[in-house]
Amino acid sequence: MFEWFTVALPISGVSVNALLLILLGVAVGVLGGFFGMGGAWMVTPALNIFGFPMPFAVGTDLCHMAGKSIISTRRHAKFGNVDVKLGLTMLAFDVVGIEIGARLVMWLERLGLAGPVIRWVYVVFLFLIAWLVFYDYFKERAIRRRAALGLAPGAPGLQWHVALHKISLRPIVRFDVAQVECSMWLPAAVGFFVGVLAGFLGIGGGLLMMPALVYLIGVPTFVAVGTDLFTVMLSGFYGAATYSMKGRVEILAVILMLAGAAPGAQIGTIATKYIRGYGIRLMFAITVVCAMISVILKQLGFDLAAAWVVMTAVTVMTGVVVVGMVRGAARELKAHKEVGA
Amino acid sequence: MTGRSIARSMTALVVLAPWLLVTGTMAAGGESQGALVHVADTRHLTGFNLYFANLYNVNRLLFTAMTVGLTGLLGLSLGMLMDVIVGAIGLDLGKREAKE
């Protein structure tokens with residue numbers, strides 16, 4: 001029965017099940033809209049498993065990411081979650097960083113070390129991100145518990161941005177939506193380092209940008225998600241253009257994935273309305289741990305197990321977000337009804 | 001080791017790692033290899049697929065413009081369509097309560 005959905009893609013000549021592409025689009029749309037990332041770490045290995053050669057997997061992913069991010073960014077913008085000024089400031093330096101990161105990869109490639117070095121650096125950074133989000137989450141929980149017992153709250157969670165905001169290098173800029181006032185060089189430097197890492201690791205950068213916005217610049221979680229998606233959208237279009245020019249985008253696959261990503265992105269974005277910021281951070285950290293395990297397995301030669309971990313993480317997280325969104329929406333509709341009655 | 005000192009060590013590592021990465025690899029130079037040429041097989045294609053495959057083979061710049069334009073247009077129109085559908089369910093899509 002599933003053979004009915006098999007389509008031959010015109011550019012790469014790969015035959016793939018259209019239903020799988022649509023479902024992948026739904027899942028990545030949900031998680032992308034919820035966490036504020038493109039989801040390259042999920043899509044690229046999935047497309048590769050479906051039979052796409054790696055360059056086509058990367059190019060098709062970037063192109064679909066651009067279209068999907070429009071949907072999520074529009075929704076987040078309506079919620080007031082997008083700081084365009086902050087996003088553009090970071091993006092300008094992010095692009096320079098990506099170029100440097102890509103050149104570093106070329107140097108490593110010449111040394112014959114690119115694959116393992118990139119994977120292990122990836123693992124180290126995923127571990128650091130997961131550690132800091134978990135640390136912050138449990139710290140915040142401890143504060144809440146102490147407050148509930150009427151005790152002194154104790155030391156606050158991670159406050160790196162407070163120290164970084166003391167940098168007085170001019171110009172000092174105010175980002176109204178993010179409610180942050182700091183030296184312009186802070187988001188510029190963060191954007192640059194995220195770019196170097198994203199270019200080096202060959203990922204979109206959303207996975208790094210979201211925690212960087214929260215912990216280094218002090219942006220509220222929701223604005224971090226929205227602003228991150230805005231930068232992902234712009235960098236996605238750049239990626240789509242450059243990979244199209246190089247002939248590594250499969251347009252029919254992009255359209256099929258977008259058909260799934262459209263409802264998925266709406267669900268993921270609306271879910272942020274019902275799940276509190278620290279909940280998003282915790283789920284993000286769990287997802288990052290799964291990504292880390294998958295990279296380690298790949299490095300050890302267990303490709304199938306690595307793909308299984310990614311797919312399981314994607315499926316479970318998508319389920320959790322969808323359930324959160326449906327429950328929240330049901331509560332809201334019930335409240336509307338009660339007000340009406 | 002207290003949580004604060006762990007946090008300090010991790011901060012130092014996060015700051016130092018990219019720097020070590022850059023300085024550690026700057027010494028080795030090199031150029032990337034040229035990309036492989038790929039040609040789409042149009043023999044069994046029709047309609048939309050044939051049009052895009054031909055465009056891909058003949059005019060890469062127009063293929064790029066069409067791909068990027070179509071992606072943007074599709075993202076925008078699907079987003080607007082989903083707005084209408086979700087709005088019709090009765091959810092308030094205009095505002096949210098920020099809760100950290």
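Any value given below was found using the heavy atoms of this structure, including those in side chains, with hydrogens, waters and symmetry copies removed. First the proteins, then the strands, lettered A, B, ... as listed; each starts at 1.
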Parallel, tilted or perpendicular, as decided by the 30° and 60° cut-offs, for the rings of A:Tyr135 and A:Trp131: parallel
Pairing residues for A:Glu99 by the side-chain hydrogen bond (donor to acceptor under 3.5 Å, both in side chains) criterion, not counting sequence neighbours: A:Arg103
Structural part of A:Ile255 lying under 4.5 Å from a heavy atom of chain B: both
Portion of A:Ala265 that has a non-hydrogen atom of chain B nearer than 4.5 angstrom: neither
Residue pair A:Glu332 / A:Lys273, side-chain heavy-atom distance below 4.5 Å: yes
Portion of A:Phe56 that has a non-hydrogen atom of chain B nearer than 4.5 angstrom: side chain
Contact class of B:Met80 relative to chain A, heavy atoms under 4.5 angstrom: both
Ring-face cation contact, A:Tyr137 with A:Arg141, 6.0 Å cut, 45° max: no
Contact origin within A:Leu333 toward chain B - heavy atom pairs under 4.5 Å: side chain
Contacting moiety of B:Leu45, where chain A heavy atoms sit under 4.5 Å: side chain
Which of A:Ala259, A:Gly247, A:Ser69 touches chain B most, by non-hydrogen pairs under 4.5 Å: A:Gly247
Pairs touching residues 59-80 of chain B that satisfy ring pair (Phe, Tyr, Trp, His ring centres under 6.0 Å), sequence neighbours left out: B:Tyr56-B:Phe63
Verdict with supporting geometry, A:Asp136 and A:Trp160, side-chain contact (heavy atoms from CB on, under 4.5 Å): CA-CA 11 Å; A:Asp136 186 42; A:Trp160 294 343; over 6 Å; no
Euclidean distance, A:Arg74 CZ relative to A:Gln266 CD, rounded to 0.5 Å: 8.0 Å
B:Arg60 atom CZ, over 12 foreign heavy atoms within 6.0 Å: yes
Atom group of A:Ala261 that falls short of 4.5 Å from chain B, counting heavy atoms: neither
Chain B contact via A:Val249 - which portion, at a heavy-atom distance below 4.5 Å: both
Residue B:Leu70 versus chain A: region with a heavy atom under 4.5 Å: side chain
Side chain / backbone / both / neither for A:Leu258 at chain B, heavy atoms under 4.5 Å: both
